**Q** 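For reference, the structure I am asking about is given below.
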Protein chains: 2
Amino acid sequence: MARSAVTVEEPVRRRLLAEATRLFAERGFESTSVQEIVAAAGVTKGAMYHYFGSKDDLLHEIYGRVLRLQMERLTRFADAEGPVGERLYATAMDVVVTTVENLDDSKIFFRSMHQLAPETYKTVRAERRRYHERFRDLVIEGQRAGVFREDIPAEMVVDFFFGSVHHLGTWYSPDGPLSGQEVGRHFADLLLSSLGHPLGKTVS
Amino acid sequence: MARSAVTVEEPVRRRLLAEATRLFAERGFESTSVQEIVAAAGVTKGAMYHYFGSKDDLLHEIYGRVLRLQMERLTRFADAEGPVGERLYATAMDVVVTTVENLDDSKIFFRSMHQLAPETYKTVRAERRRYHERFRDLVIEGQRAGVFREDIPAEMVVDFFFGSVHHLGTWYSPDGPLSGQEVGRHFADLLLSSLGHPLGKTVS
DNA sequence: TACGATCGACCGACCAGTCGGTACGCTGTG
DNA sequence: CACAGCGTACCGACTGGTCGGTCGATCGTA
C-alpha cells in the first residue's frame, strides 16, 4: 500500500512539465499563466517555484528535452552503416516520425522560442544549429559522392526540408487519415527526389 | 503648408499599423504592449483606440493586408498562359520573393495566428485554406497532364512547400548573401524536381 | 525504542507592477 | 454648431514572483 502510493503516483515535477507542455502548445507561452499551469497539475505556485526557477526555466526544460531526444536520434541514424542515400532517407523519415509523435513539443519549439531570455535563446539556437549542421553534413557527403545534385547549397536544402518538418505542427493531426510513417515516407521521397536521387522513386 | 501637412506626413493610422507590424515581428504579439506601439508611432492610446477597436483588431488588419496581397499575386501567376510546369515554377518563385519582401508580415502570420480571437481565427484559416487550394489545383493540373509525379498527394506537396516558405522568417536575412530571387529560384527548383519535372533541372 | 532536530516538499496569502480598455475633455476645421 | 481626431487620466483584472509557515519523513542520540 505504502509502496503503491510512492511509486504509482506521478511525481509533481513531471506533472508540471507535462501540463505546461500541453498548455503552451495549446495557447502559447505568453498566453498561459503560471496559475493555469499549477491548477492543471493540481498543485500551487509554491510547488512550481520549488522545482523551477521561473516560468522561463520551465520553457527551457521543455526545449532541453526536445533537443536531447532529436540530437540523439539524428546521430544514431546518420552514423549508421550503408550508402548515404539510404541513410538520409532513414534519417529524414525518423525526423518526421519523432516530430509527429511529440507534436506538442514541436509546436512550442517554433512558436515560442523567441520568448526565451536572450541568453537562453542563444544557447537553444546554438544547439539547434549543431543539429542542422549534422544533417547538412549528410547532404554534403552525398553531393561529394556524386549521388545528390550539387547546384543547390546544402544549407538551403536543410532549411527547405526542416521548414516542412516544423510546419507539421500546423496541419498534421494524429486523428487524420495519415500515420506518421506515411507522412515520413512521403517527405523523405520528396527530399530525395528533389536532390535527384533515385530513392525518391520518381516514375518519370 | 497646410497641404504639405496633410499629404506629406504619414497618416496616424498607417503609422500605427507599420509600427505594430515591426514590433509584433520583433517581440511577438503577446509580448508587445499597446503602450509600446503608440509610443513608437508617436501618439497615445486614445489615438489607437480611435482607429482600431482592439489590439486583436490591429493584428487582424495586418492579416487582412497579407492575405489580400498574397491571394492577388497567386491568382495572377496561376491564371497566366503557358504550360503548367512553367506556371507553377513562376508562382512558387513569386511566393518566395513576396514573402521575403514582407518578412515581418510573414513572421507575425505564423507565429501569432493562434492568438487571434476564435472567430477571427476561423476566418483567417478559411482564407488561408482557399489560398492553399488554389495552389494545390495547380499541382493537380500538372499531375493530370502527366508532367508531375502522381504517387504523392497534391495536398501534401503543398504543405511540404509552404512549410519551407513559412520557415523563411526564421533563417532568411535581407543582409545575408542571398537575394530573394535567388532563394526563390532554388526553392522553385527543389519543388519542381521533387515533382519529377524537368524544370527542376536536375543534372543527373 | 523513544524523542528532539532537521530536512525537503509544498501551501496560500500577498506584493508591486503591467495589462487592455474606457470616459471624457479639448481643439481645429467645415 | 457639429464632429472627427486626438490627449489625459484612470480603472479593474491579472501577472510573475516572493515569503513565512506547515507537515510528514528521516536521522542522530541516548
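Heavy atoms only: backbone and side chains are in, while hydrogens, waters and symmetry mates are out. Note that the structure is a prediction, hence the values are computed from the model and not measured. Proteins get letters first, then strands, A, B, ... in listed order; numbering begins at 1 in each.
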**Q** Determine, for nucleotides 16-30 of chain C in 5'-to-3' order, which nucleotides have protein heavy atoms under 4.0 Å from the base (write B), from only the sugar-phosphate (write S), or from neither (write -).
**A** ---SBBB--------
**Q** Would you call B:R185 and A:D151 a salt bridge, using N to O less than 4.0 angstrom?
**A**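 Salt bridge flag = no for A:D151 with B:R185.
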**Q** Do we see a donor-acceptor contact under 3.5 Å between the side chains of B:Q70 and B:T98?
**A**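 B:T98 and B:Q70 do not have a side-chain donor-acceptor pair below 3.5 Å.
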**Q** Tell me the interatomic distance from A:R14, atom CZ, to C:dA9, atom C1', rounded to whole angstroms.
**A**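 Whole-Å distance recorded here is 17 Å.
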**Q** Indicate the ring-plane relationship of A:H132 and B:H167, choosing parallel, tilted or perpendicular according to the 30° and 60° boundaries.
**A**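 Tilted.
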**Q** Looking only at side-chain N and O atoms, does B:H50 come under 4.0 Å of OP1 or OP2 in D:dC6?
**A**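 For B:H50, the contact criterion (side-chain N or O under 4.0 Å from OP1 or OP2 of D:dC6) is not met.
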**Q** Side-chain donor-acceptor pair under 3.5 Å between A:S193 and B:S194, yes or no?
**A**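 No - no donor-acceptor pair under 3.5 Å links their side chains.
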**Q** So with a 6.0 Å cut-off around CD of A:E72, is the heavy-atom count from everything else above 12?
**A**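 More than 12 heavy atoms, drawn from other residues, nucleotides or ligands, come within 6.0 Å of this atom.
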